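What you see is a predicted model; the values in this text were computed from it and never measured. In the text below, chain A, chain B and the rest are named by the order of the sequence lines, each starting its count at 1.
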Protein chains: 2
Amino acid sequence: MLTTHRKQQILSLLKRNGQVIAKDVSQSMGVSEDTIRRDLRELAQEGLLQRVHGGALPSSPAIADFAGREQLTPDGKIAIGRAAAKMIQPGQVVILDGGTTARQVARHIPLDLKATVVTHSPTIALELVNHPDVEVILIGGRMFKHSVVAVGAVAIEAIAQIHADTYFMGVTGIHPKTGLTTGDYEEAAVKRALSHAAAETIVLASSEKLNAASPYAVISLAEISGIITEQGAAAALTRPYEKLKIVVTRA
Amino acid sequence: MLTTHRKQQILSLLKRNGQVIAKDVSQSMGVSEDTIRRDLRELAQEGLLQRVHGGALPSSPAIADFAGREQLTPDGKIAIGRAAAKMIQPGQVVILDGGTTARQVARHIPLDLKATVVTHSPTIALELVNHPDVEVILIGGRMFKHSVVAVGAVAIEAIAQIHADTYFMGVTGIHPKTGLTTGDYEEAAVKRALSHAAAETIVLASSEKLNAASPYAVISLAEISGIITEQGAAAALTRPYEKLKIVVTRA
DNA sequence: CAATATCGTGCAATTTCGTGCAAGGTCAAG
DNA sequence: CTTGACCTTGCACGAAATTGCACGATATTG
């Protein structure tokens, strides 16, 4: 990883998120916190950012235009994303769903990780453009605007050609009885296809999704191998899944 | 291996990846790191790249950084985009290329226009999410990060299924002799396929593209029916195309 | 005020850089 | 064909940059 490149990335992160946290950056870039701190110090020296305890803020408040939007992402989802990204091993082929949680996964993929990411979400694809070592495969099809993902027969066909290691699935409901559900019929079909295209399916479920159900079934709980949820999720909420030998990770 | 050839390769790598690492390049080209370092030093001397510890970065960040490029959209491109968007009739199926100019087209499509837009650019697809009456068809494939578009065999296959009315094509060069050209081999193939999938191809060419040529041919001038360029483009620059019965629009 | 997290600095290990030099190759004049 | 000037390349070696760790200082939080 090039030092200069890393500094650029830090500035880019800063611009996008309105803030950077030393620890997060060090993890996502695969270097020690010391190095990041040094970078931050030097960038602050050049007046490109403002150093604060724990990380850095933009030097001029005017730049922080995106900040407001990003702060709407709850910490829980960010933590889930970070935990999921950590599971990706070098060389693997993973499928990333659409949705805000999956976006956090993309955002936490280390910049130096060599891997292939398959996605039907243009948002996710764009998120990964700056990862030089991540090959991105975009699934095409008819755009379903509500979720901003490609759906339809063409998408299903394209997915059928893929054999991935892991699928990180976002859902709107996960329930011991009804299994995994989502709010759109077409999208459910695509999620089903994605799940079948991967050896392992891991569900990203912030706590409000646990024990909730939506109109359209995706797959049954028997077909998933893991759930990543928030640190604070009540044990009672996850016990039913643990009984089914599903690995529940608290991020 | 010819020195000049090697330097070209380095610049090409730089453009593709946004960075080069001396060690990687030396390994992939089978020469010592010393040689690569010498090359990098000389290229930096010529101002073709920016030397950094461990490798090199593009001399002007704008060349490789897609985000950077769009920040300075010149008025001409905006006008071209507006003019192109005006050509889209209700009910039509149009193909929008990637690139900054095409993005301006998307941005100027009226919110109440009922139409279908086919694109291989995630950026364009996102741009149209808020148009309730525009159906968006996303072409999938391998992401070519430099241009942020889908390319490859899968993309070509998907395009072959489409029959559109108009294709608004962006190029890096249009020349009376060499026709339409662009800077990447794969991308040229995709543009060719898109052109064949549309009844009409209209080229979006800001004035600096006129009478310029890039390494890879897309199609000949005989296959296009219109060019949209800037208001201020010199008449001498467009006359060759008008003689070929190509409709030149000044936006 | 105490526990914890973060910071800054010194230091050692590693990587990368620049330079001098010798080996080999090209090319043109003799 | 030979010779010599010139260029390119790889290697050696000291210099400089980068990075991670240890440790004490400082800031934050409850």
Starting from P on dA5(C), measure out to CG on Asp24(A) and report it in whole angstrom.
14 Å
Measure CD1/Ile36(B) against P/dT8(D) and give the value in whole Å, please.
14 Å
Below the 4.0 Å mark, does dT8(D) have OP1 or OP2 next to a side-chain nitrogen or oxygen of Thr35(B)?
no
What I'd like to find out is whether the side chain of Leu40(A) reaches to under 4.5 Å of the side chain of Ile10(A), using heavy atoms alone.
yes
Okay, side chain of Asp97(B), backbone of Ala102(B): is any donor-acceptor separation there less than 3.5 Å?
no
Stem finding on DNA chain C, please: runs of three or more consecutive Watson-Crick or G-U wobble pairs, both distances under 3.5 Å, sorted by first number.
C:1-30 with D:1-30
Any N or O donor-acceptor pair under 3.5 Å from the base of dG8(C) to the side chain of Arg38(A)?
no
Tabulated below should be each protein N or O lying under 3.5 Å from an N or O of nucleotides 16-18 of chain C; please produce it.
unit_1: dT16(C); atom_1: O3'; unit_2: Gly54(B); atom_2: N; d: 3.3
unit_1: dC17(C); atom_1: OP1; unit_2: Arg51(B); atom_2: NH1; d: 3.2
unit_1: dC17(C); atom_1: OP1; unit_2: Arg51(B); atom_2: NH2; d: 3.1
unit_1: dC17(C); atom_1: OP1; unit_2: Gly54(B); atom_2: N; d: 2.7
unit_1: dC17(C); atom_1: OP2; unit_2: Arg37(B); atom_2: NH1; d: 3.1

Between Ser121(A) (side chain) and Thr123(A) (backbone), is there a donor-acceptor pair under 3.5 Å?
yes
I'd like to know if the side chain of Arg250(A) pairs up with that of Thr238(A) as donor and acceptor (distance under 3.5 Å, no hydrogens or angles considered).
yes
Counting only N and O atoms by type, is there a donor-acceptor contact under 3.5 Å from the side chain of Ser147(B) to the main-chain atoms of Val149(B)?
no
Side chains of His146(A) and Glu187(A): any donor to acceptor distance under 3.5 Å?
no
Regarding Thr201(A) and Ser195(A), do their side chains bring together a donor and an acceptor under 3.5 Å, going by distance alone?
yes
